Amino acid sequence: MRIATWNVNSVKARIGHLAMWLKKVQPDVVLLQELKCVADEFPRLEIEAAGYRAEIVGQKAYNGVAILAREKIEDPLRALPGDKADEQARYVEATVGGVRVASIYLPNGNPVDSDKYKYKLAWMERLHAHVQTLLASERPIVLGGDYNIAPTDDDVYDPEGWKDDALCRPPSRAAFRKIVHLGLTDAFRVLHPQPHQYSYWDYVQNRFARDCGLRIDHLLLSPQAADRLAAAGIDREPRALDKASDHTPVWCEIRNRGA
DNA sequence: ATGGTAGCCTTGCTA
């Protein structure tokens, strides 16, 4: 089973790229972030024409996450537990083909002296608590998304310039490590230990052409999924297209049970 | 020190 995560930075602006990529790559599951639209405006017809079902958690103008899958999407959980007052569309989880998958759009958190940074850290505390619950099930689980965390300086083109950013500063990285250390495996990193491979490049200053990026999109696997990890990669092709998202897809391949 | 770009949707916010 091939599972990909992609922050599309508006699904309506990116439906052309997305539909083309689905038809070419044909992943089994796609975890989308930054839909930037309500569910009623999601381009369902194009997605269905490409062969996918969709579980959508939308929001006007900001955020928005979805799970696309060729198979049936079962038992959805449409918000991260732990704060009923939180109305931001940043989390959706469901079961596809016996694998529990989640699409995560973790708060950016900049500027770091604002309530937005406090919200980021609180959101990560909620994610930590929920991951503990998920792992107790001892099922194969793939938690993918835009984590807005560059885990180490190896994941940043200019660590010195980014050291005080919400994506890099020590409390952000510590909160991320605390989640990973519950027993998750970074699917890309474990198979590609070489530094400076990125999933996101800012639109400004020709950053993609100069490969000035960060690795902030991750697929985190439970032990039962990591045992079946066959391959992982970053597909840079969509980022090179005209009118691209600032993120590009990250994918992993999970072996079928018994294979 | 600042502004660079994109999307949404407004005269700014978020990233």
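Everything numeric in this text was worked out from a predicted model, so none of it was measured. Throughout, protein chains are lettered first and strands after them, A, B, ... in sequence-line order, and every chain is numbered starting at 1. The figures here come from the full heavy-atom set of this structure, side chains too, leaving out hydrogens, waters and symmetry mates.
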Check your understanding: Excluding sequence neighbours, so at least two apart, what forms side chain to side chain contact (heavy atoms under 4.5 Å, CB included) with A/Cys168?
Key ->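 With neighbours one apart ignored, the set is A/Ala150, A/Val156, A/Trp162, A/Arg173, A/Leu214.
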
Practice item. List for me each residue that meets side chain to side chain contact (heavy atoms under 4.5 Å, CB included) alongside A/Asn108, sequence neighbours excluded, and say none if there are none. Key: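 A/Asn108: side chain to side chain contact (heavy atoms under 4.5 Å, CB included) contacts with A/Asn110, A/Asn148, A/Leu167.
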
Check your understanding: Touch check for A/Arg210, heavy atoms < 4.0 angstrom, all strands: base, sugar-phosphate only, or nothing?
Key ->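 Result for A/Arg210 = nothing.
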
Exercise for review: Just call it for A/Tyr105: base, sugar-phosphate, or nothing, with non-hydrogen atoms closer than 4.0 Å on any strand.
Suggested key: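 Touches sugar-phosphate only.
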
Review point. Near DNA chain B, which residues from residues 9-21 of chain A have a heavy atom under 4.0 Å away?
Key: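 Under 4.0 Å from DNA chain B: A/Asn9, A/Ser10, A/Arg14.
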
Point to revise | 5'-most by nearest nucleotide on DNA chain B - A/Ala244 or A/Arg207 | key: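 The answer here is A/Arg207.
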
Check your understanding: Which residue, A/Lys60 or A/Asp146, contacts DNA chain B at a nucleotide closer to its 5' end, judged by nearest heavy atom?
Key ->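 Going by which nucleotide is closer to the 5' end, it is A/Lys60.
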
Pairwise salt bridge (charged side-chain N to carboxylate O under 4.0 Å, His left out) hits with a residue in [range], at least two apart:
| range | answer |
| --- | --- |
| residues 190-209 of chain A | A/Asp202-A/Arg207 |
| residues 124-148 of chain A | A/Asp86-A/Arg126, A/Glu125-A/Lys178 |
| residues 94-115 of chain A | A/Glu93-A/Arg100, A/Asp115-A/Lys118 |
| residues 58-85 of chain A | A/Glu55-A/Arg78 |

In whole angstrom, give me the gap between the [atom1] atoms of [N] and [M].
| N | M | atom1 | result |
| --- | --- | --- | --- |
| B/dA15 | B/dG3 | C1' | 15 Å |
| B/dG4 | B/dT14 | C1' | 16 Å |
| B/dT2 | B/dA6 | P | 23 Å |
| B/dC9 | B/dC13 | P | 15 Å |

Exercise for review: Could you work out the complete set of other residues in the hydrophobic cluster of A/Ile15, with links drawn between I, L, V, M, F, W and Y side chains under 4.5 Å apart?
Suggested key: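 The other cluster members (ILVMFWY side chains, heavy atoms under 4.5 Å, direct or chained) are A/Trp6, A/Val8, A/Val11, A/Leu18, A/Trp21, A/Leu22, A/Val25, A/Val30, A/Leu32, A/Leu35, A/Phe42, A/Ile47, A/Tyr52, A/Ile56, A/Leu68.
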
Review point. Closest approach of A/Val29 and A/Met1, non-hydrogen atoms and distance?
Key: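 In terms of heavy atoms, the two residues are closest at CG2-SD, 4.3 Å.
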
Review point. Relative to A/Tyr105, does A/Arg90 satisfy both conditions: NZ or CZ under 6.0 angstrom from the six-membered ring centre, and within 45 degrees of the ring's axis?
Key: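 Yes, cation above the ring, under 6.0 Å and within 45°.
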
Point to revise | Covered region of DNA chain B, 5' end to 3' end, by chain A [heavy atoms, under 4.0 Å] | key: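 Nucleotide range with atoms under 4.0 Å of chain A: B/dG3 to B/dA15.
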
